[in-house]
Amino acid sequence: MLEFLRSAHWKADPEGSCEGCHGPGGDHAEEADPTRIGRFGPEIPAMVRSNACLECHGRDRAQSRFVSSDHALASVACDDCHDPHGSSREFLLRKPALELCYGCHPTVRAAFSLNERHPGSRGGVVCSDCHDPHRRSGRTVLGGFKQQVCLKCHTEYRGPWVFEHEAVAAEGCGSCHLPHGSVNRYLLTYPRVSDLCLQCHPEQPFFHDLTDVGGSRTTSFNDCTACHAMIHGSNNDALFLN
Amino acid sequence: MRFFVPGVLLAWLAFPAGAAEDDDLQGSVELGYRIVDVNGNEDKYREDVNLDDGALWLSGLDIDYRPADSRLFDSLVLEASDLGGEPHESARFRMSKAGRYDLSLRYRRTEYFHRDAGYFLRPEGDLHGWDTARDFVNLNLRIETTDWLTLRFGADNNERDGRSTTSRDIQRDVFVLDSPIDQKASSFWAAADFRWGWADITVEQRSTSWENRWLATTSGNSGTDPGEPSLLNDYRQLQTTDADAPVTLLSFRGSPWERFRFLVEYAHVDAELDYDTDADWDGIDFTGQDFQTTLTNKGRVQRTSDLWDVEAAIVLLPRIELTIDYARRSYEQDGSIDSVEVQNGGAEQGTYPVQGVVDNSLDLDTSGLTLNWQATRSLSLALGAGWQERTADFELSGPAVETMRTLYRAGIRWRPNRIWDFRLDLEQGDDDNPLTPISPTSEDRIRFRANVTPVSGLALSLNFLDRSLENDESTPLGLQTDDTPPAEEISLAKSDITSWGLVLTWSRKALDLTAGYNHADVGRNAHIVYVTGSTFVPAFDVFTTRDETAYVADTDVFHGAIAYRFSKGWSAGARAVVQENAGSFPVNTDVYGAWIRYLLKSGVFFRVNFDRYDYDEDNPFAGDPALPTPDVNDYDAQLLTFSAGYRF
């Protein structure tokens, strides 16, 4: 109760705060019957619980598409993550942001436990900096411009480039990188750069010696980015050499 | 950091002369000192952990102030962590008055270090290295002027600086170049949200710009290949890029009837980038002759992007909702190049001009249907289907490619009571003409999760995920040339991930416990025919090698944390994250930590932390004289941190 009196919900409407979400409470007060008022909790369908919040918040652009989000379709309601009665955390979150997301996404937690992980995970970056929990994920909407999320911080790769790397433009950064964590350097999908590049570029000029020695290619031509250093895009060279 | 200081001052000024008795003021402040002992590869330690010896000037600050009666604000929050030289600093300031305004300022600094000495799959090491930092500042102000108009203003600033090394192929040798980093991006925006009966309208105008001053230099550099006589006496390349991209957003949404709501959004972006490259270098070429080269290049890239989103949702029955959506993402760009490279002397003496315009475009049209059915109080179902037409037209890659992707999905959640909770999600997708050889022609995903909460505070969750991507008929973008072998010979690319795990959480009055295990099997391979002797004219190819890029990872991750409060004063805890990875790149990492804290009645507290990081690569070729790659990256680090603070 004390937290509620500190919350923005109370401050915004101290006269009608409780009934604003729980509905008319006259019968409940007179008969002291807990079933005679709008209730929340896991036994109440998520759609019903969220609709109470979306009465007001659904008009904000940020939450306007929540009902079609992956969370809503998985029956995750607003109050599963937010405590409408108040929390000392930003956005009335029930738990610290990372812990909250890890609760339902343990495989992501495991990815962030790998030896190579997105460095932002140690420095104040939370899941919602990249993912919008109130909308459908990029995967389920078949992706848009998939690299846009990464380019918010990695501005050096924004371009636009005269010579674009088509894989990046068409399929996004995730075609080569695993953004949460990977066993491999640069969060790559393969530990050896040439293995990654050869998947799309099997044709090599005659001076590229990719001889396999004892199961491990050892020539410098296995490090494609040693020469193709501008692999994300270039304004000087179509082969990303400069 | 300089942006954080005004925030602190603002917070200080916002306080009344002193917090009144009825005011609600909570918070804490913490400072400390750390001792670090690293054995092994200190560069790899910096890559992974990067925590240094020395004072921790402000490891934690937390102020949450809510005055009982203030006309200025009813909530003021100031949080900061690891300020003063730590690799990841963050701070947040927020001041608001419900129904009036909301002001927030966020600051982050993230250091990044990379210097790879090499490992068995890259024994020569990585020529590229970074020792950089990114600073992010974000300001947001929301003013609720009337019931029908809300104004929003904001600014972002993102700067990156530091040192790096890059590499360049010159005269048949590869040279490592020093490349200081100097990048900046910023944006400002103003928006108005109108509320009119059942309709909401948002108009937002954003000004975005970014610039990059890219410099690469070296001198007296004999290159990385001792077999090549090439030498660079001096090399200097300066490339500057400046880009502006105004963004206009319009959003119209509403719910004219109780059972129907809609949204229409449109965003238009006009990005324009000007670049200017100026380079000169001289030395000895691959034939042993002196040479001097200059390169100038100047041009512009213009990109126009249009983004449409339309969504309509209708409640068919009280607990059945149907959503229909359409999205369009498209861009067109013209990039011009006007380059000339002039080499005086040497075997490749001559003038090499490149002039022209490169046009690219990408269009994505996506339509979808989603049905959400709350069948009973405990059972819900979701069904969805999406279709995406993609047209990619990259001028240097041949004719435009058109593809059609589909994705079907279904989800079910059954929560029979407060104890049990089950979820199952299925997805199946197809692409009739993948854009790259690793774009999937088919994808399948299944995820199952079960949670049991036998008593309040105790929960056990089980999860299983299997995702399979496969490309079995590649007609890849970028390989549409006459010299390309038949598509079906290029690749059969597969990527499979199977993961399962368990997590136990137990929270009682004095105890918080989390323990988890996750196992992941990852397999990727692409059957390829790579033409190592390609002359780009198949009849003259020297030889063809059949190969496979194969990657396997078999990863176990154990993680756990426990915290226990022995008394009002004493509390302690421990944590562990253990990763064991077998497969193509065997590597193990162990992270252990323990802490103890004593809190005095006055609110003063003392804490001691001990942490240990152990990184261990397992080189399968160790000891093989033909592959002399020692385990140069392993390290073992121990950290002891003393801190003291005050909680109020």
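Naming: A, B, ... by sequence-line order, numbering from 1 per chain.
The closest side-chain donor-acceptor pair between A/Ser68 and B/Thr323, if any, does not fall under 3.5 angstrom. With hydrogens and angles left out, the side-chain atoms of B/Gln183 and A/Thr155 include no donor and acceptor closer than 3.5 Å. B/Ser439 and A/Glu171 share a side-chain donor-acceptor pair at under 3.5 Å.
If you measure heavy-atom distances from A/His154 to chain B, the contacts under 4.5 Å come from both the backbone and the side chain. No part of A/Leu239 comes within reach of chain B, as not one of its non-hydrogen atoms sits under 4.5 angstrom from that chain. Of the atoms belonging to A/Ala169, heavy atoms from both backbone and side chain fall under 4.5 Å from chain B. In this structure, chain B has no heavy atom under 4.5 Å from any part of A/Asn51. Only the side chain of A/Glu116 has a heavy atom closer than 4.5 Å to any heavy atom of chain B. Contacts of A/Arg136 with chain B are made by side-chain atoms alone, with heavy-atom separations under 4.5 Å and no backbone atom involved. The parts of A/Leu114 that come within reach of chain B are both its backbone and its side chain, each placing non-hydrogen atoms under 4.5 angstrom from that chain. If you measure heavy-atom distances from A/Asp70 to chain B, the contacts under 4.5 Å come from the side chain alone.
For the pair B/Val77 and A/Glu90, the minimum side-chain heavy-atom distance is 4.5 Å or more. A 4.5 Å side-chain heavy-atom check between A/Val183 and B/Tyr551 finds at least one atom pair inside the cut-off. Taking the side chain as every heavy atom from C-beta outward, B/Ser380 and A/Met47 never approach each other to under 4.5 Å.
Pairing each heavy atom of A/Asp60 with each of B/Arg195, the nearest pair is OD1-NH2, 3.8 Å. Closest approach of A/Pro106 to B/Val503, counting heavy atoms only: CB-CG2, 4.1 Å. Taking every heavy atom of both residues into account, B/Val557 and A/Ser113 meet most closely at CG1-CB, 3.6 Å. Of all heavy-atom pairs spanning B/Tyr275 and A/Asn235, the tightest one is OH-O, 3.4 Å. A pairwise comparison of heavy atoms in A/Lys152 and B/Asn158 identifies O-ND2, 3.4 Å as the closest pair. The two residues A/Thr107 and B/Asn518 have their closest heavy-atom pair at CG2-OD1, 4.0 Å.
With hydrogens and angles disregarded, no donor-acceptor distance shorter than 3.5 Å links the side chain of A/Arg61 to the backbone of B/Ser251. The main-chain N or O of A/Pro160 is never found under 3.5 Å from a side-chain atom of B/Arg303 such that the two would form a donor-acceptor pair. Looking only at distances, no side-chain donor or acceptor of B/Arg108 sits under 3.5 Å from a matching main-chain atom of A/Val125. Looking only at distances, no side-chain donor or acceptor of B/Arg377 sits under 3.5 Å from a matching main-chain atom of A/Pro45.
Salt-bridge annotation for B/Asp309 and A/Arg65: present, with a side-chain N of the basic residue lying under 4.0 Å from a carboxylate O of the acidic one.
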